[in-house]
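Chain A is the first sequence line, chain B the second, and so forth, proteins listed ahead of strands; every chain is numbered from 1. This is a predicted model, so every value here is computed, not measured.
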2 protein chains.
Amino acid sequence: MSAIQKNEICKRLLSDVDDLPPRLQLAAKYIIDHTNDFGLDTIRVTAEKIGISANSLVRLASHLGFSSFEEMREPFRIALVEQYDSTGGDGWINRLSDAGPFGNSHARSVSNEIDIVKQSLKLLTVEKTESAVNMLMNARSAYVTATRASYALAYYFHYVGRMALPNLHLIPRHMGSPLDEMISVGKEDVLLAITFPPYSADTISALRLAKRNGTKVILISDSELIAPNIEVDLFLKVTLHSLHHFSCFAGAMVVLESLLYHLVSHGGEEAQARIASYEALREDFGAYWQAKLPKLRKK
Amino acid sequence: MSAIQKNEICKRLLSDVDDLPPRLQLAAKYIIDHTNDFGLDTIRVTAEKIGISANSLVRLASHLGFSSFEEMREPFRIALVEQYDSTGGDGWINRLSDAGPFGNSHARSVSNEIDIVKQSLKLLTVEKTESAVNMLMNARSAYVTATRASYALAYYFHYVGRMALPNLHLIPRHMGSPLDEMISVGKEDVLLAITFPPYSADTISALRLAKRNGTKVILISDSELIAPNIEVDLFLKVTLHSLHHFSCFAGAMVVLESLLYHLVSHGGEEAQARIASYEALREDFGAYWQAKLPKLRKK
DNA sequence: TCGATAAAAGAACATTTGTTCTTAAAATTC
DNA sequence: GAATTTTAAGAACAAATGTTCTTTTATCGA
């Protein structure tokens with residue numbers, strides 16, 4: 001949201017810098033070069049760093065039409081938390097804002113999605129990814145569980161993942177409590193749980209049961225602390241931060257797809273064989289536009 | 001430098017959380033989950049967000065051996081600036097490659113996901129988004145259909161979307177052919193279909209049936225031409241390009257979430273009411289770490 | 001050079017911030 | 001069940017923060 005605003009302020013500063021009084025030019029340049037510090041520091045600290053007086057910054061704010069200094073700084077503060085990087089050649093997002101109020105709203109949504117995706121992937125370190133993949137591949141059986149909205153994610157992971165892991169099971173298979181289907185889960189198995197606020201009571205029960213049985217647990221969530229007395233072997237944090245009242249699952253999606261990518265590529269020849277048979281199905285069902293024309297024979 | 005200190009504090013909080021008093025547990029969880037906000041916000045704002053009093057945070061700081069609250073927060077503030085400096089661009093992706101062959105492979109997967117997400121969002125123009133949202137909101141009933149792997153996407157869209165659109169229906173509801181549930185679909189309705197190669201025969205049949213009945217159709221796919229004799233009113237193209245043999249659905253996911261965002265924000269007061277009741281459920285099921293402790297009453 | 005205007009600094013002010021102190025509620029111990 | 005300790009909230013306070021007001025300094029045109 002405000003990462004865009006921040007960018008607009010910087011652009012504005014850049015274009016206006018020549019028409020500003022000397023000290024205000026210094027201030028403008030400093031802000032452009034140190035957006036992060038500017039967001040965090042107090043007005044006096046910023047003034048000290050620039051070498052001007054505090055109220056020169058106040059004057060700069062009113063020069064730009066802000067009703068207060070704080071109003072000008074706020075977008076920089078929010079951008080700090082959002083961590084959205086709008087400087088990386090994503091000018092097309094800012095251009096969306098020009099298309100009226102709907103475009104503006106759309107721009108915020110789009111940059112929010114990209115932000116979530118990037119941050120979630122950033123949190124997925126190589127080490128974590130590798131150990132997740134190893135845990136899943138070395139397991140006797142692997143189970144993926146989720147409920148409500150996140151069930152969609154588990155469903156997808158299971159649908160693709162079983163090509164690489166024949167012993168990957170989706171819990172609950174249909175409706176009903178996950179616990180019923182977890183009786184035989186043991187030490188050699190791995191449970192991949194996906195849950196987001198409001199954390200599912202069923203999923204939490206499943207996590208506790210797994211712990212009692214000595215099953216290895218991978219948790220994908222926004223927090224490692226989803227309930228008291230829960231310990232997990234591997235925690236993959238994803239970002240949910242959303243503009244509306246519902247979480248955005250795109251971050252979880254890309255994390256799951258990254259795992260799938262490694263599972264499929266490390267799956268060896270068996271996985272390739274299974275994929276081949278799926279490709280065969282592709283031929284059958286998706287042949288609508290396949291080259292089914294009479295072959296041209298050489299004379 | 002201080003990003004390390006921040007991490008150490010988080011680890012410390014994580015290990016000590018069970019031995020802390022109730023409110024301090026809430027505080028600890030919040031800090032672990034929202035390190036950025038914690039660094040930026042004032043003590044009162046943080047306390048408000050957690051739902052505790054300001055000086056509970058002071059007590060948490062002294063519990064952990066800090067001489068003041070500010071001393072505890074400082075590493076988080078510094079990390080905010082540092083983190084942003086070092087990861088301002090997308091250099092972190094390149095750095096993944098340094099971690100051996102697995103890291104290299106991981107880097108490719110990560111940048112592939114980001115590319116897919118960005119491209120899909122770029123294809124989602126303001127005009128297309130707006131007309132999709134209008135079509136869905138003005139429909140008597142809206143149906144979302146998909147099969148196999150993409151069913152996960154439809155399931156998710158339906159799960160969240162029905163908060164804004166009470167007349168949003170998922171087809172097929174469980175298993176079985178979509179056609180059976182589409183008898184009463186008519187002119188005033190809208191069908192949102194999601195399909196990717198290999199294109200589902202069922203979804204294609206559904207599209208043809210919709211066309212015969214005069215139903216408006218929105219198609220989310222990688223191609224507008226998924227089968228002969230199919231016409232759609234609105235086509236939302238998403239990018240699938242994947243490193244392995246399976247499509248990446250992240251692009252479709254962010255497109256759907258963008259639609260959801262607009263639906264929810266344009267849903268008006270009715271949608272807000274429905275969300276509120278969902279929030280109530282959140283209180284019930286996710287109350288594990290909620291500040292729902294007995295309230296201290298003044299006499 | 002002078003006067004008028006703009007720019008900048010510094011002091012003064014009200015608010016907010018972190019902290020401390022006091023009191024009340026809950027938990028624990030005997 | 002009463003006494004003690006722990007836990008938490010609310011009020012009080014000094015230091016800081018953003019803002020405003022006043023004074024000083026610099027700039028420009030005649």
Any chance you could lay out the ring pair (Phe, Tyr, Trp, His ring centres under 6.0 Å) test for A:Y30 and A:H34, step after step, and finish with the verdict?
-> CA-CA 6 Å; A:Y30 173 87; A:H34 308 84; 4.5 Å; yes
How large an angle, rounded to 10°, do the end axes of the helix from C:dT1-D:dA30 to C:dC30-D:dG1 enclose when each is built from five base pairs?
->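 Answer for the end axes of this duplex: 20°.
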Is A:T42 near enough to D:dA16 that one of its side-chain N or O atoms lies under 4.0 angstrom from OP1 or OP2?
->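 No, no such contact exists.
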Side-chain N or O of A:S68 less than 4.0 angstrom from OP1 or OP2 on D:dG18?
->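 No, outside the criterion.
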If you only use heavy atoms from C-beta on, which nucleotide in [options] is closest to the side chain of [X]?
{"X": "A:P21", "options": "C:dT17, D:dT19, C:dA8", "value": "C:dA8"}
{"X": "A:V58", "options": "C:dA7, D:dT20, C:dG18", "value": "D:dT20"}
{"X": "B:R23", "options": "D:dT7, C:dT19, D:dA9", "value": "D:dA9"}
{"X": "A:L24", "options": "C:dG18, C:dA9, C:dA8", "value": "C:dA8"}

Pairwise distance CZ(A:R59) to CG(A:L20) - rounded to 0.5 angstrom |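 Taking CZ in A:R59 and CG in A:L20, the distance rounds to 10.0 Å.
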Measure [atom1]/[X] against [atom2]/[N] and give the value in whole Å, please.
{"X": "B:L60", "N": "D:dT7", "atom1": "CG", "atom2": "P", "value": "12 Å"}
{"X": "B:F66", "N": "C:dG18", "atom1": "CZ", "atom2": "C1'", "value": "16 Å"}
{"X": "A:E74", "N": "D:dT19", "atom1": "CD", "atom2": "P", "value": "12 Å"}
{"X": "B:R77", "N": "D:dA16", "atom1": "CZ", "atom2": "C1'", "value": "12 Å"}
{"X": "B:L57", "N": "C:dG18", "atom1": "CG", "atom2": "P", "value": "10 Å"}
{"X": "B:F38", "N": "C:dG18", "atom1": "CZ", "atom2": "C1'", "value": "12 Å"}
{"X": "A:I43", "N": "C:dA11", "atom1": "CD1", "atom2": "P", "value": "17 Å"}
{"X": "A:I52", "N": "D:dA26", "atom1": "CD1", "atom2": "P", "value": "17 Å"}

Where do A:A28 and A:L60 come nearest, in terms of heavy atoms and distance?
->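 Looks like N-CD2, 4.3 Å.
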What is the nucleic acid contact for B:S53, judged by heavy atoms within less than 4.0 Å: base, sugar-phosphate only, or nothing?
->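 B:S53: base contact, heavy atoms under 4.0 Å.
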Look at all strands and tell whether B:S56 reaches a base, only sugar-phosphate, or nothing, counting heavy atoms closer than 4.0 Å.
->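 B:S56: backbone/sugar contact only, no base atoms under 4.0 Å.
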Run the salt-bridge test on A:R73 and A:E70 with the 4.0 Å N-O cut-off and return the result as yes or no.
->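 Looking at A:E70 together with A:R73, the answer is yes, because their closest N to O distance falls below 4.0 Å.
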So which one's nearest nucleotide on DNA chain C is more toward 5', B:R73 or A:R59?
->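 The residue closer to the strand's 5' end, by nearest nucleotide, is A:R59.
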Indicate, with yes or no, if the rings of B:Y159 and A:Y151 have centres closer together than 6.0 Å.
->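 Ring-ring flag for B:Y159/A:Y151: false, centres at least 6.0 Å apart.
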Proximity of B:H262 and A:F102 rings by center, below 6.0 Å |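 B:H262 vs A:F102: aromatic centres under 6.0 Å.
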Using side-chain contact (heavy atoms from CB on, under 4.5 Å) as the criterion, point out the one residue from B:D37, B:L80, B:N36 that pairs with A:L80.
->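 So the option named by the test is B:L80.
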Quiz item: B:N55 side-chain donor-acceptor pair to D:dG10 base, under 3.5 Å |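 Between D:dG10 and B:N55, which were checked side chain against base, a qualifying N/O pair under 3.5 Å is present.
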Kindly assign one of parallel, tilted or perpendicular to the pair A:F38 and A:F76, based on the angle between their ring planes and the thresholds 30° and 60°.
->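 Correct class here is perpendicular.
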Would you mind telling me which residue lines up with the more 5' stretch of DNA chain D, B:H63 or B:E70, judged by nearest nucleotide?
->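 Upstream on the strand: B:H63.
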